[in-house]
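To start, the structure itself, in structure tokens.
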Amino acid sequence: THGALRDRTNMVLKIALNAPLRRLFDYLPPHDCPPGRLRPGIRILVPFGSRRQVGILVETATASELPANRLRRALSIIDDDPVLDEDLLELLCWASRYYQHPIGEVLTAALPTALRKGRPSAEEPAAGIRLTALGSGIDSDAISRRSPAQSRMLKFLREREGSCEATDLAALGGSWRDTLKRLRNKNWVEDFEWEWAPRQAPAAAIPGPQLTAAQHEAVRSITDSLGQFSPYLLFGVTGSGKTEVYLEAARAAAARGGQTLVLVPEIGLTPQLVDRFRQRLGLPMALLHSGLPDSQRLAAWRDTRSGAAAVILGTRSAIFAPLSNPALMVVDEEHDASFKQQDGFRYSARDLAVLRGRRGNAPVVLGSATPSLESIYNVREGRYTQLELPHRPGSAVAPPIRTVDLKHHAATNGLSTPLVFAMKQHLDRGNQVLLYLNRRGYAPALFCGGCGWIAACRRCDAHMTLHREASQLRCHHCGASAAVAATCPECAADLHPVGEGTQRIEETLARLFPDEPVVRIDRDSVQRRGALEERLEAVHSGAARILVGTQMLTKGHDFPNVTLVGIVNADQGLFGTDLRASERLAQTILQVAGRAGRADKPGEVLLQSQYPDHPLLQRLLTTGYRGFAEAALSEREAAAWPPFTYLALLRAEASTMEAPLNFLRAARAKAEQFALPVTLLGPAPAPMQRRAGRFRAQLLLQADTRGPLQSLLRPWVEQLAEMQSAKKVRWAVDVDPGELF
Ligand code: ADP
Ligand code: ZN
Ligand code: ZN
């Protein structure tokens with residue numbers, strides 16, 4: 001429609017702005033703007049309130065609901081070419097509607113920060129500023145009294161390895177231009193042209209292993225369907241060579257000039273994996289993840305859009321990469337919870353990858369050793385084709401899992417005799433041992449033996465975790481911390497740590513194996529930059545042979561000499577109330593177990609449990625993931641849970657207990673008026689009702705198909721925004737929620 005508009009006086013621009021409002025904003029085109037430049041997906045600078053804001057043109061129209069005298073005029077056009085091409089723009093608009101999230105925030109989420117701020121997207125060399133040899137020698141602290149601004153600018157450059165884009169310096173504020181001029185005059189800095197060469201330059205490709213028959217078959221299926229939408233579930237046990245399949249399929253896609261997007265879980269994007277892709281493919285790559293500095297993210301974005309990058313490797317948000325020629329979508333560890341964003345724009349990158357493949361006529365490969373029940377169900381229903389890698393290549397075999405019944409073998413400080421004994425055996429043979437425990441800190445509770453008092457968080461319905469290293473109690477839900485009291489505040493008796501966290505296991509290990517250095521990997525131990533790499537290096541070099549850690553250890557790491565995996569405690573998951581609790585537990589156990597015996601050394605897994613006869617464990621250990629999944633699907637079907645039904649969750653929270661419930665009751669009444677086949681469950685308080693000082697409650701919507709759910713959500717969410725009781729709460733809709741809390 002926009003092309004047909006000749007008469008500019010009638011033209012209204014529908015612009016998305018980064019605001020929590022569920023609509024587009026109307027503007028008149030900028031003065032003297034040729035209509036041909038007004039293409040959807042370009043950025044436009046507009047007045048918004050008393051400020052200027054960067055907006056994205058979504059469409060043009062001939063009329064506005066606003067009276068002509070209230071329409072403001074856009075200021076200027078930023079882009080010649082759209083930053084969001086037609087395909088991506090449509091996908092994002094769809095996602096905004098489907099996930100019920102404001103369009104402006106959705107479109108913004110798809111752009112690197114630099115572009116959100118209005119910086120140019122074109123591939124022109126940017127004006128760079130760098131330290132000269134003279135400037136590098138200046139002690140910025142020494143001049144900080146006399147010339148604070150100059151000192152700050154030198155520091156700023158040093159923090160960026162001596163160079164930055166000239167416009168980055170604006171972040172220093174004040175009269176930074178004058179400061180820059182002074183530094184130039186002193187010959188401490190100089191100008192240069194910043195080239196946007198691909199950051200991930202290709203290395204010479206090194207050949208991979210000879211593919212097994214199963215790998216070969218998988219690669220052939222995928223490459224045969226290049227050029228058409230074809231969703232696959234690549235179901236292969238840990239270490240079965242799924243990554244080799246991605247690599248060969250990406251090579252084939254690149255040979256046809258197409259790009260491959262590879263999504264990996266948040267903590268799966270390790271330097272090891274990046275190197276493996278780079279070395280094996282010898283193709284230019286782009287890395288996209290949230291941890292990158294602005295300029296690198298922009299460079300990767302540009303390389304993706306220009307087609308310079310053949311393989312784009314990234315975490316969740318990379319699903320919005322501006323692929324110029326998408327040929328293949330890969331989602332590795334597709335079951336991983338991190339593909340679903342848990343706040344703000346709550347999209348599922350895995351589900352959007354399938355949609356992107358469909359829209360772009362590209363095969364989609366969802367890979368996992370422990371696929372989500374959704375994907376297994378999609379195979380069963382004939383929507384996805386299953387590709388199987390049933391064995392590890394060569395002599396490596398998947399390790400057997402044995403349980404240790406904690407009712408018969410008392411564990412001292414977390415470790416039972418059979419586990420300690422097995423550790424000794426494996427260490428004696430010169431191998432490494434990995435212990436998994438999904439609890440950081442020293443102990444999950446601090447308890448008074450005199451009166452039963454337990455240290456609780458003042459702002460959450462939760463116990464505080466004892467962190468002995470820091471001598472602190474910390475709440476893992478809100479981040480609150482408190483000093484550790486020496487005695488009970490109620491009765492002055494002694495306090496005892498109850499249960500085990502990774503720190504306590506580390507302490508126990510130091511006592512049991514005094515000559516073996518222990519490497520602990522959890523969120524606390526790797527906070528410092530480089531700490532994770534150092535610790536992994538200690539394991540790879542063999543300097544340390546005992547590893548203890550949380551979930552962080554389970555993904556993306558290859559420890560060829562680990563032959564024993566001990567699961568210290570997974571019992572919490574057996575009685576989890578969440579819809580996906582048992583699915584997550586089964587996945588975690590098998591993923592952790594998969595760290596053992598990856599090379600040609602056979603491995604062994606010991607699982608400590610108070611409940612070794614629990615049906616879930618029994619089924620998993622006797623029939624494997626497939627048997628577990630079949631049984632779990634039957635349970636889901638009987639309970640009418642996903643994937644047999646579709647869910648949306650309306651969450652609300654406030655500083656009073658009543659406000660969220662009042663709002664949700666009113667919301668429920670409104671929903672009932674639509675008289676659609678959608679079941680409303682609740683409102684009910686959230687499983688952890690109080691968190692960070694706020695009371696939380698939720699209303700669950702359940703439907704047999706997506707249609708009625710979507711028909712209800714769209715108008716309903718608009719009504720919610722207008723409700724009086726909505727003003728007293730923070731609320732959000734979560735479509736296809738990953739977790740029900
Ligand atoms: P996954 O992605 O399924 O966990 P990987 O692709 O990482 O498995 O493979 C596990 C290990 O097996 C790696 O060290 C890899 O180099 C090796 N490997 C994979 N395929 C083969 C093969 N066909 N022959 C020999 N080794 C292989
Ligand atoms: Zn007490
Ligand atoms: Zn708390």
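Both ligands and their constituent atoms are indexed starting at 1 by order of listing.
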Close approach, R392 and ligand 1, non-hydrogen under 4.0 angstrom
no
Do any nitrogen or oxygen atoms of G239 lie less than 3.5 angstrom from nitrogen or oxygen atoms of ligand 1?
yes
Got E658 and F695 here, is their nearest side-chain heavy-atom distance under 4.5 Å?
no
Numbered atoms and elements of ligand 1 in range of G241, under 4.0 angstrom, heavy atoms
1 (P), 3 (O), 5 (P), 6 (O), 8 (O), 9 (O), 19 (C)
Metal site angle (apex the Zn ion (ligand 2)), SG from C451 and SG from C491, 10 degrees:
110°
Quick check for you: with the Zn ion (ligand 2) as the vertex, what angle do SG of C488 and SG of C448 span, to 10°?
110°
S225-Y232 side chain donor-acceptor pair, cut-off 3.5 Å
yes
Under 2.8 Å from the Zn ion (ligand 3), is there any N, O or S atom belonging to H476?
no
List every atom of ligand 1 that sits less than 4.0 Å from any heavy atom of L211, numbering the atoms from 1 in the order shown and giving each element.
23 (N)
From the list T550, D522, T465, D524, side-chain hydrogen bond (donor to acceptor under 3.5 Å, both in side chains) with R440 holds only for D524
Ignoring angles and geometry beyond distance, decide whether R276 reaches within less than 3.5 Å of ligand 1 through its nitrogen or oxygen atoms.
yes
N or O contact, P393 vs ligand 1, cut-off under 3.5 Å
no
State whether Y442 and R468 meet the cation-pi test: NZ (Lys) or CZ (Arg) under 6.0 Å from the six-membered ring centroid, and within 45° of the perpendicular axis.
yes
Can you find a non-hydrogen atom of S240 under 4.0 Å from ligand 1?
yes
Would you mind listing which atoms of ligand 1 come within a distance below 4.0 Å of any non-hydrogen atom of T212?
23 (N)
Minimum heavy-atom distance between P399 and E604, given as atom pair plus value:
CB-N, 3.8 Å
Is the Zn ion (ligand 3) less than 2.8 Å from at least one N/O/S atom of C457?
yes
Considering residues, nucleotides and ligands other than H496, do more than 12 of their heavy atoms fall under 6.0 Å from its NE2?
yes
Heavy-atom count check: over 12 atoms from other residues, nucleotides or ligands less than 6.0 Å from R523 CZ?
no
Numbered atoms of ligand 1 (with element) below 4.0 Å of Q210, judged on heavy atoms:
22 (C), 23 (N), 24 (N)
If we ignore angles and hydrogens, is there a donor and acceptor under 3.5 Å between the side chains of Q591 and T370?
yes
Side-chain heavy-atom pair P660, W731 within 4.5 angstrom cut-off:
no
At the Zn ion (ligand 3), SG of C460 and SG of C475 open up to roughly (10° bins) 110°
Knowing that exactly one of K728, R691, R694 qualifies, which makes a salt bridge (Lys or Arg N to Asp or Glu O under 4.0 Å) with E653?
R694
Among A369, P209, A214, which residue places a heavy atom closest to atom 24 (N) of ligand 1?
P209
